[in-house]
Amino acid sequence: MSEQSLVSDGPVLGKTDPVLRAEGLEKRFGGLVATDDASIEVERGTITGLIGPNGAGKSTLFNLVSGFYEPDAGSVSVNGVNVTGQKPHEIADQGMIRTFQTPRKPEGMTVREALLVGPHNQTGESIIPLFTSPSTVEQEERRSLEQAQQMLERFEIGDLATQPATDLSGGQMKLVELARGMMAEPDLLLLDEPVAGVNPVLADKLAGFIEELNEEGITFLIIEHDMNFIMRLADPIIVLNQGSVLVEGPPEAVRSDERVIDAYLGGPSE
Amino acid sequence: SGGAPEDGGGGDGGDGESTDASTDSGSETYTIGMVDSLSGSLSAFGQRNQRGKEIALDDINSVGVSGGELAISQQDDQSTSQGGVSAAQTLVNQEEVPLLIGTVGSGVSTAIHESVVQNTDVVQISQNSTSPNLTNFPDLLRMPPAGKAQAEAISSLLNEDGNESAALAWINNDYGQSVGEAFIEAYDGEIVYNEPHDQGQSSYSSTISSMSDTDADAWVFITYQPEFATMSQEAFDLGVTDQAAWYGGDSVKGPKVLESAPEGSLDGMKAVVPSVPQDAENYQAFVSEFEERFGEEPTSWSAYAYDAVVVSALAIEAADEFTGSALMEVVRDVTRPEGEEATTYEEAHEILANGGSPSDVDYTGVSGPIDLDENGDPVGLLQVFEVVDHAYEPAGFIEG
Amino acid sequence: MTDPILTVDSVDSGYGEVQVLDDLSLTLGEGEIACLVGPNGAGKSTVLKTVFGMLEPWTGSVRLGDREIGGMAPEDIVRIGVGYVPQTENVFGSLTIDENLRMGGVARDGGLDEVVAELYDRFPILDDKRTANAKTLSGGQRQVLAFARALVMEPDVLLIDEPSAGLAPNTAKEVFDDVETVNELGTSILMVEQNAREGLGISDRGFVLDQGTVKFEGEADSLLDDPEVSRLYLGGESRR
Amino acid sequence: MSTLDVGAYSPREKGVVGLLGALGALLLIAVVTGFLAPAYLLYLVGLSAMYMLLSMGLNVQWGYGGMINFSVAAFFGLGAYGTALLTASGSPISGGVSPVIALFGGLALAAVLAVIIGYPTLKLRDDYLAIASLGLAEVVRIFILNESQWTAGSAGLTGIPLFFSDWPVLGDLTYPYVFYAGGTPVFNMSQSVVTSFLNVVLVTVIVAAVYLFLRRIHQSPWGRVLRTIRTDEDLAETLGKNTFAFKMQAFVIGSLIMALAGVFYSHLVLFVSPQDLQPITTFYVWVAVILGGTGSDRGAMLGGFTIVAIQQGTRFMTDTGALPIGAAPLRLMLVGLLIIFIVRLRPEGILPPERELIWPDSLGGGRDE
Amino acid sequence: MAQILQYLANGLVFSSIIILGSIGLSLVYSIADFANFAHGDTMTLGAYGAFVAFGVFGGLGGTVLGLPIGFFLALAVGMALAAIVAVLTHILVYKPLDTDSIGLLITSIGVAFVYRAVLQASFGTDFLQYDIRRSGPIPLLLDTLDVAVTQRDVAIIVSAAVLVAGLHLLLQRTTLGRKMRATADNPDLARVSGIRTDRVILVMWVVGSALAAAGGVFLALYSQLDPRIGFNILLVVFAAVILGGIGSVYGAMLGGLLIGMLHELTPLLSDVGLPISNAYAPAVAFVIMVAVLLVRPRGIAGDMT
Ligand SMILES: Nc1ncnc2c1ncn2[C@@H]1O[C@H](COP(=O)(O)OP(=O)(O)OP(=O)(O)O)[C@@H](O)[C@H]1O
Ligand SMILES: Nc1ncnc2c1ncn2[C@@H]1O[C@H](COP(=O)(O)OP(=O)(O)OP(=O)(O)O)[C@@H](O)[C@H]1O
Ligand SMILES: [Mg+2]
Ligand SMILES: [Mg+2]
């Protein structure tokens, strides 16, 4: 019972230094309410988990905060800046990057090219510096390339660097998607089921990698159904159910909460 | 199949050698170039031109040219100026023909003249272009009279017939625009509708509807046959054929138009067409030859193409040598009225072959007196036709 | 082991010029559940695609009972009683849920309405959204739909690629239960699963694939107990 | 044109380069033996270069950024009209401006229109953009056709000077131009040869400059973002790329290159009319880009060349009398069959892109395009 | 008022033709997944097929809707011919290709050239007409509503409506429509589900080209026949398809109706005080189309299917 009390009914708000704050988000699709007065805060420096049954509205929440959907009500701020209604790239500019649940696979690019798109605000993305300061572009490019290669090695797909990004297995695509997000080095990284379909041994290693990055200062908000993975990494964990936050709390407490077991975990595993 | 076989002795550019007078033996082959619209939006004109050209070549080669044969190297302009320039480049710079017949569209002819022919030793004769703009290029000769004369003729017809207001529909290209403008300038009455229409549309009912909204006494059509055919049918379908008197330029008159119009629906329409008297012997012969070969009546356009080839052949016959400058010197003369009138190639050839000078000949072709002036324009003889009992009946002449 | 219903015999296969499967053999016994596990990119999905005619085996043979099916077209393989749930792009996004299910039964002779009704009973998550376009489904809902679509044919052999990926623990449990139920009703099942412990947990036999060949095979339980297999392929503990 | 490239070639490229080399040699032999007239060859080179420019322009939009722009003819036409209206003696608004200045007039016109067309339509996707741009291109053509007080309407513009007409030496040559070496005349050239030659020099400089410019921007992070937008705009957006701005940049650059082709065309053909804005040019340029290899600058150039080769090569296959088919339909059919066969044999184009979009020098020893 | 009715009547006839063209194009667009630039020439092909057939059956007695029975036979022949040619083209040209949708688009330009070349070689470039008498406006309508509509107009509208209704039944009452959509959505998964996608694609070509041919025949009946009629109208047909929303057959119908109407209603603009010349009619249609796309970026029926 003592653990139970650690769990807050609904979201914990008023955190000291939230990177992301979403308040009263609502999104309807026709008659269906996908998120309903959902509020969350992600405290800087944490790895926050977001779990909940299929169709609870987790991905929709990501789409709302990252600017892909326009909320019917509510507001979003990133690093204290109100970004409600802004375009996805403007929100990304504030320091928040997301990955997609269904991996995006750029055609006609190699795996490492796909990663090189990740870094934010590259000098070479404007035309004029290409002619006025090519050496800066070159240096940046070398650095990113090196970083990309290291990242791929860690993800155990180093040998795929020059492979077409479309010719990958399902799990490999997820890994590339994850790596690209990390290349951006944002303040806050939103991961939508990063290890669904990833081999458990590798998933463990990735967890370690995420912890490292977290120590280096990146804040994470992770959706994941792999309990082993999310319980190990995340604190706090937010549970979403039917479009709004059911409870929030530390992993073990959430795991043993009756309501969470009912709605999400199901009976004890055989 | 009714298709136009384009062989007709046409020079095959493929061997690249059949240019100028090739051998010194008795039978030389004189190869001239022809740019025509064989594909694209004006290809119906091109097809008729090819038929005229074919008859002309046979007529010429059965008599001979300067002791040799005439051959025509043929290129398609795809009805565009880009295509026309490329075609002319091939003929002028690659095959080095000294004389170029070309082409249908006035814009295309101008483009060819400006970018290829100008400043070279080549004579250009357009077979079909009627835009007044061509008058500004004295070296660019042509067979049909400038549209201006025709426009004036139509307006005087309207005036004569007592039409106080007119609705004018013109095709949105160089031809339609220039003839339309000339008409408006010459017409005394009120213009109550004045709109262009695009070529090749499937429906012109908005044009017809708009015209019938006006209470114009006369409707004037400056357009092409297929477009006019559609319009006249639509007018019939809308039941407005009798609302006003109809007038048209040369390109709305044609056997196809009558064929496709409901019986009697065009009765009373007047069209002004540059041509020789219909009962002229040479014209009759041309018509029957054409009908025999192709199963249809020729249009004035086929006649121009025919004459373009004949005039070219006469120039070759009359010139001292087979070069552009030599041809240019005589080409007007063989058509000018100073000499003895010849109505067929054979007659004209006879005069020249018997030692006549170029100005001893006045070739009067199947399309009219020709008489090229210093601007390279022919003096058109304009004839008025009226549709009576669903057939074109001659209804008088107007001097251009 | 029971009589083999599906036999993959010394198969080489791959994409274009790239070879993925290297002399791979495995068998599925009649009435069994077999589970394929292994690292990402090992070739698990490629095995299923090759069996189902999406890829043609370069060498070797694939047999259903005694019948050679290597290189047969998928639409024909469906008709001889094999079903397949692909790993990705496994629903028709622009069709409704109902249409998706009905598409699953185009090769049926009849009784389509009954089966579909039964499936709605079994998966209430779908019942709620019959007329929604599949592309509006959440990741997990989509996964369930893909599974249900393959069941419409009531196949003798079912190939499933990662049925539990993206499913919440409770839904995953239901799906695994369903796999067992379907199996008990007589369908032999060949399943790929990254959630290896759970997958092997409901299976009779297991195959560990690495770099296009079978590295370990045997009774599911014995693989689960094998410390080397655990360390290399299965990870520490159950993932749910 | 592949001589402009440096670095090693893949076998496929070697094959193509070899083929081009052989073709060049053949043409040269043809000229030397008198089989092919120099003025004609120079004209063909000029025409090919014009199509190369058009294809490169479209390649920036479609090949880099995946924008299906069907208004190529409009930008080509604007370049042509821009310079013609400023320089031509027959111009209703101005005329007489030096072609060098008019060049910028043509480009400015195209840039303005690119923004006007791009602003609403670049938000559309794929085929919707295609038809919207095609529609707006038609609006431009219809405008030029009907507003004759400014554009001379369907009559077109005549009296366009040669590009070099007011240049110190080049503008004052007399013809036939005799070339002396040490006091003795070596050869003389007719006006058409000289003007064609000057045109070829001009267009070669333009093509080379455009190519070098594109080579740099394509294989840069900028080009990479466009490539990402091409397959997945959402992905680029989440990574913080302002996709609209990138697309607009590519659209304007591509349009300017097309307009450049139009400017050149004006001074090559010396006559422009609304006909030059007919959508058919757009289709041919599309065919050129696809046949050359989408996304590859070299491919675009090769495609431009190929399309002219097809168009002009078939001119010589006139009626032999042996086939029951006239010259024009025969040619149309040949062009059609050639297109089908090239796509069949080289589905991804003759020279598809083979390089990664990574800044060349940073790969260490990598090749560049 | 009568004026507006008249414009609407004209628009309806023209729309019927465009709708037939655009449905076929839309089918091919969604299932074969490319913009088929040979579609216009398929229309022309059908029209010529019917022309030749009409030469044979033209004499057959009896009339329906003011048109001889022989005409409808000829129509069927034209449709069959177009279907056969399209299927052959699919088998010989498109199917063996290993390319993306833009590659197919370019190929279809080549195919269009070949069709047109054959027609031009066989029939020349001059225009032709079905030899059917025109009867002028139907007196009843002219007297009561002051609207001129001919029997031929009615025949076009009715035939188009019958064909469209037939297609509607085919798509709705059989699983074919669903199979087509499934194949368009994800051909691999369609095969996995047991759909014989090869057959579905063949059927699609047959239906799409037959409808195109019908459009071509009516177009030729309405104005006249030459080797470029189909190509000339292709742009408008494309506009209809896109405006309706790619891949949506019903969207294509809506788009066709709208574009056809816009085309014929431009004179109204002057009547309501916007002095826009008829020369700008296509421009007005295009501007409105772009405006609609800006509001609904995926066409009118974009997300409805
Ligand atoms: N574009 C859309 N149109 C209509 N309904 C939608 C749309 N997107 C999501 N939904 C619905 O909203 C609900 C929430 O979906 P969401 O994708 O957010 O779930 P989720 O929590 O991410 O689930 P999962 O764990 O299965 O991925 C679902 O019922 C889904 O069907
Ligand atoms: N369409 C394709 N084209 C080319 N190569 C492919 C393609 N799909 C997969 N591959 C490659 O084939 C190998 C095996 O892929 P496969 O999809 O069978 O792996 P898997 O074992 O299912 O992996 P995962 O668990 O990640 O789904 C991988 O190395 C992958 O890169
Ligand atoms: Mg989700
Ligand atoms: Mg897999």
Side-chain angles (χ1 to χ4, degrees), chain A residues 29-30 32 34 51-60 100-103 105 155-157 159-160 163-164 167-175 192-193 195-205 223-232 255 260-270, chain C residues 15-16 18 20 37-46 86-89 125 128-129 131-133 135-144 161-162 164-174 176-177 192-198 201-202 210 230-240:
Chain A
F29 297 107
L32 180 112
I51 61 173
N54 295 120
K58 304 179 295 296
S59 301
T60 304
F100 289 95
Q101 180 170 7
T102 318
K105 34 180 185 175
F155 285 36
E156 298 182 355
I157 45 176
D159 52 328
L160 296 182
Q163 190 111 332
D167 296 357
L168 298 178
S169 78
Q172 290 166 342
M173 284 183 205
K174 291 235 67 150
L175 294 172
D192 197 344
E193 304 198 19
V195 296
V198 172
N199 179 272
V201 181
L202 181 56
D204 278 346
K205 293 188 193 154
I223 301 178
E224 186 50 71
H225 292 301
D226 183 336
M227 281 302 108
N228 191 23
F229 182 85
I230 201 76
M231 289 294 156
R232 166 180 166 186
R255 177 173 238 173
V260 178
I261 293 173
D262 266 3
Y264 182 56
L265 295 171
S269 90
E270 304 121 73
Chain C
Y15 305 86
V18 185
V20 175
V37 299
N40 295 113
K44 304 180 294 295
S45 302
T46 308
Q87 180 177 7
T88 53
E89 287 159 31
I125 228 179
D128 296 343
K129 293 186 156 272
T131 56
N133 271 356
K135 65 166 170 265
T136 67
L137 293 184
S138 82
Q141 294 165 339
R142 211 178 282 201
Q143 206 60 13
V144 173
D161 205 342
E162 307 209 15
S164 79
L167 295 189
N170 54 353
T171 318
K173 217 165 288 165
E174 281 166 31
F176 280 130
D177 287 350
V192 172
E193 194 42 78
Q194 282 298 3
N195 193 355
R197 288 184 182 277
E198 305 261 333
I202 63 162
D210 199 352
S230 273
R231 184 173 57 80
L232 288 175
Y233 302 106
L234 306 184
E237 40 190 305
S238 168
R239 305 183 72 198
R240 309 264 163 193

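Predicted, not measured: the structure shown is a model, and the values here were computed from it. What you see below is based on every heavy atom in this structure, not just the backbone, and it leaves out hydrogens, waters and symmetry mates. Proteins get letters first, then strands, A, B, ... in listed order; numbering begins at 1 in each.
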Against chain A, label C:Leu232 side chain, backbone, both or neither, depending on which of its atoms sit under 4.5 Å from a heavy atom there.
backbone
Considering only heavy atoms, which portion of C:Glu174 lies under 4.5 Å from any heavy atom of chain A: side chain, backbone, both, or neither?
neither
Once rounded to the nearest 0.5 Å, what's the spacing between atom [atom1] of [X] and atom [atom2] of [Y]?
| X | Y | atom1 | atom2 | value |
| --- | --- | --- | --- | --- |
| A:Asn199 | C:Asn195 | CG | CG | 11.0 Å |
| C:Glu193 | C:Lys44 | CD | NZ | 10.0 Å |
| C:Gln141 | C:Thr136 | CD | OG1 | 8.0 Å |

Contact part of [X] toward chain C, heavy-atom cut-off under 4.5 Å: side chain, backbone, both or neither?
| X | result |
| --- | --- |
| A:Leu175 | side chain |
| A:Ile223 | neither |
| A:Ala34 | neither |

Under a plain distance cut-off of 3.5 Å, with no hydrogens placed, do A:Asp192 and A:Ser59 share a side-chain donor-acceptor pair?
yes
Ignoring hydrogens and geometry beyond distance, is a side-chain donor-acceptor pair present between C:Asp161 and C:Ser45 at under 3.5 Å?
yes
Below 4.5 Å, heavy-atom pairs only: which of A:Lys58, A:Glu156, A:Gln101 has the largest tally toward chain C?
A:Gln101
